[in-house]
Number of protein chains: 2
Amino acid sequence: MKKSLQNKDHTKNIIQKAGFRATKPRLALLSLLQVAKYPLNIKEIMGKLETATADQVTVYRILDAFKKAGIVNQINFQDNATRYEYKDTEHDHHHIVCVTCKKVEDFIGCDYKKLAGEVLKQTPCFAEITDHSFEFFGKCKTCVSV
Amino acid sequence: MKKSLQNKDHTKNIIQKAGFRATKPRLALLSLLQVAKYPLNIKEIMGKLETATADQVTVYRILDAFKKAGIVNQINFQDNATRYEYKDTEHDHHHIVCVTCKKVEDFIGCDYKKLAGEVLKQTPCFAEITDHSFEFFGKCKTCVSV
DNA sequence: TTCATTGCAAAACGTTTGCATGTAT
DNA sequence: ATACATGCAAACGTTTTGCAATGAA
């Protein structure tokens, strides 16, 4: 079986296992997020999706549903546009963003689990932690000298 | 000298040391952020500011300038509204947010400096780190049982 | 006085809602 | 067949821009 077909089946499985119907917009959107090199905002998503694959409103609804289902992560680069990324549990990572040119690079090593335990002890109101966000902002080697 | 006057002078000093003129909107906004118990979004700010103290556009411009000057932090709770918090360098902290009722509690212990060094080694494109964001999302003791 | 700062009007985005139509299972 | 999903239109909330008027130093 060809690799691309395996991937298509895999994408379809993820959608169905999460309890959703495998529709054209959902398959296209999840496939797109799976190959994206960094978290995409709505404009980038609509630009990369083939015309008439999905309405923008549909994309918003799917992203919301996928986020609740734990299939995608919602990410914010402080640029007034929510970004979404496929949640690959095998390759947990976070991002560093250049504040000047917006270049993005991944990094690993965020040991949030240890801190999560300490935080629950510190915060008397809270019972459980379900998610976390963590990004670094800085300057890339090109922009730092400007 | 009364405490409230000391605070007023302190607020004025912060603004002027950052290179800004100590105008009514800027004094009111920074004072508000200094006493806020959690990061405020624009609606909350406009609601808490006395009427006619500052136009909403002015508030946006001041927040942007204060952020660039390092006086305030920009924070995102994944609720489509940018939040701002007075940056008190003496009391560095982050936030945990209840995904159900939006309650916020602070926590300390984010040792980002150690990770920042490792991240710069990992990411060949980046030269320096200037900022970071870190929030936990979870459920408070009231909402967890629902 | 002078230049930084503000207010107002209007536009530009990002996001959500309601409802009729379409479709995966 | 039918409950789930989508598309379209329109509303909504947040943020930005241009420009003339104002005010702090």
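Nucleotides of DNA chain D that come within less than 4.0 Å of any heavy atom of chain B span, from the 5' end to the 3' end, D/dT14 to D/dA25.
Under the rule for a side-chain hydrogen bond (donor to acceptor under 3.5 Å, both in side chains), the partners of A/E44 that lie at least two apart in sequence or sit in another chain are A/R83. For B/Y60, there are no ring pair (Phe, Tyr, Trp, His ring centres under 6.0 Å) partners, not counting sequence neighbours. The side-chain hydrogen bond (donor to acceptor under 3.5 Å, both in side chains) search around B/K68 returns B/D64, not counting sequence neighbours. In this structure, A/Q56 has no side-chain hydrogen bond (donor to acceptor under 3.5 Å, both in side chains) partners at least two apart in sequence or on a different chain. Listed by chain and number, the residues in a side-chain hydrogen bond (donor to acceptor under 3.5 Å, both in side chains) with B/T82 are A/N80 (sequence neighbours excluded).
Counting only residues at least two apart or on different chains, the side-chain hydrogen bond (donor to acceptor under 3.5 Å, both in side chains) pairs with a member in residues 27-39 of chain A are A/T11-A/Q34. For residues 123-139 of chain B, the set of pairs meeting the salt bridge (Lys or Arg N to Asp or Glu O under 4.0 Å) definition, not counting sequence neighbours, is empty.
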Reading 5' to 3' through nucleotides 15-25 of chain C, protein heavy-atom contacts under 4.0 Å coded B for base, S for sugar-phosphate only, - for none | BBBB----BBS
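Defined by atom type and a distance below 3.5 Å, a donor-acceptor pair is present between the side-chain atoms of B/H132 and B/H94.
Between its opening and closing five pairs, the helix from C/dT1-D/dA25 to C/dT25-D/dA1 changes axis direction by 40°, a value rounded to 10 degrees.
With a 4.5 Å cut-off between side-chain heavy atoms of Ile, Leu, Val, Met, Phe, Trp and Tyr, the cluster of B/V35 takes in none. Counting Ile, Leu, Val, Met, Phe, Trp and Tyr side chains that sit under 4.5 Å apart, directly or through other members, A/L115 shares a hydrophobic cluster with A/I96, A/F107, A/Y112, A/V119, A/L120, A/F126, A/I129, A/F134, A/F136, B/I96, B/F107, B/Y112, B/L115, B/V119, B/L120, B/F126, B/I129, B/F134, B/F136.
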